Student: 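First the structure, then my questions, so here it is.
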Amino acid sequence: MLTSTAVRVRGAVAAAFVAVAALTGVSATATASASSATAVVAEDVCAANDNLGEIATNFISRCRKGSIRSVFPGQHYGDTLGYIKGCGDASCKTAWKLLNDNRFKK
């Protein structure tokens, strides 16, 4: 059950979407959908599979906790995530698993 404050806030947000739609000529539904889509994209910025061209050390600094460095195979810090993913070596497999391990996500 929503409190009266939550209902007022929800109403204010809906009114804001209608005002934006009126000013821009875009439907309020499309504006709300675009806002939701932006939030979803922001969450996936640190998915290893979406950053295959990035160097591992840069990706780790930006998206992973520093503790990953104690177990990450050092020879792959300068490799791209795409190379690590496609490489068949045991060290590449270990590196790829660590990059996707939720324990190390920031």
Side-chain angles (χ1 to χ4, degrees):
M1 176 118 185
L2 294 175
T3 64
S4 62
T5 304
V7 171
R8 280 184 276 160
V9 168
R10 186 177 271 182
V13 170
F17 277 125
V18 171
V20 168
L23 293 172
T24 60
V26 177
S27 74
T29 306
T31 306
S33 297
S35 175
S36 297
T38 303
V40 170
V41 170
E43 289 180 19
D44 297 329
V45 172
C46 284
N49 221 24
D50 295 336
N51 292 285
L52 297 178
E54 190 168 359
I55 303 295
T57 193
N58 295 344
F59 179 78
I60 290 169
S61 295
R62 186 171 58 85
C63 298
R64 298 295 178 258
K65 294 179 183 175
S67 59
I68 194 173
R69 293 188 186 275
S70 66
V71 291
F72 191 84
Q75 67 267 31
H76 297 299
Y77 282 130
D79 295 338
T80 64
L81 301 187
Y83 173 79
I84 292 170
K85 181 181 180 183
C87 176
D89 295 344
S91 62
C92 288
K93 290 179 184 178
T94 300
W96 186 249
K97 285 183 181 180
L98 290 169
L99 290 169
N100 289 288
D101 191 333
N102 289 334
R103 293 178 297 162
F104 298 109
K105 284 189 177 179
K106 284 187 178 176

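Source: prediction; values computed, not measured.
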Student: Do R69 and T57 have side-chain heavy atoms sitting under 4.5 Å apart?
Tutor: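 A side-chain contact exists here, since the closest heavy-atom pair is under 4.5 Å.
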Student: For residues C46 and F59, report the shortest heavy-atom separation together with the two atoms involved.
Tutor: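 What the structure gives for the nearest pair is O-CZ, 3.4 Å.
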Student: Can you find a heavy atom in the side chain of T94 that is under 4.5 Å from one in the side chain of H76?
Tutor: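 No, too far: nothing below the 4.5 Å cut-off.
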Student: Please name the pair of heavy atoms, one in A48 and one in L81, separated by the smallest distance, quoted to 0.1 Å.
Tutor: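 Heavy atoms only, the tightest pair is O-CD1, 3.7 Å.
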Student: Where the side chain of N51 meets the backbone of A47, is there a donor-acceptor pair that is under 3.5 Å apart?
Tutor: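 Here the side-chain-to-backbone pair exists.
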Student: Hey, quick one: are Y83 and I55 part of the same hydrophobic cluster, counting side-chain heavy atoms closer than 4.5 Å, chains of contacts allowed?
Tutor: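 No, Y83 does not connect to I55 through the hydrophobic network.
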Student: Which heavy atom of R103 sits nearest to which heavy atom of K65, and what is that distance?
Tutor: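 It is O-NZ, 3.7 Å.
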Student: Check I84 against W96 and note the closest heavy-atom contact, atom names and distance.
Tutor: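 Looking at all heavy atoms of both residues, the closest pair is CG2-N, 3.8 Å.
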Student: Which atom pair, heavy atoms only, marks the closest approach of L98 to P73?
Tutor: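 Distance-wise, the nearest heavy atoms are CD1-CD, 4.1 Å.
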Student: Side chains of I60 and F104, heavy atoms from C-beta outward: is any pair under 4.5 Å?
Tutor: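 No, their side chains stay 4.5 Å or more apart.
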Student: Should we say atom NZ of K106 is surrounded by more than 12 heavy atoms from elsewhere, each under 6.0 Å from it?
Tutor: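 It does: K106 NZ has more than 12 such atoms within range.
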Student: Hey, is the main chain of L99 close enough, under 3.5 Å, to the side chain of R64 for a donor-acceptor pair?
Tutor: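 Confirmed, R64 side chain pairs with L99 backbone.
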Student: Any non-hydrogen side-chain atom of N49 less than 4.5 Å from a side-chain atom of K85?
Tutor: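 Yes, close enough: below the 4.5 Å cut-off.
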Student: What is the minimum heavy-atom distance between K93 and G88, and which atoms define it?
Tutor: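 Looking at all heavy atoms of both residues, the closest pair is CE-O, 3.6 Å.
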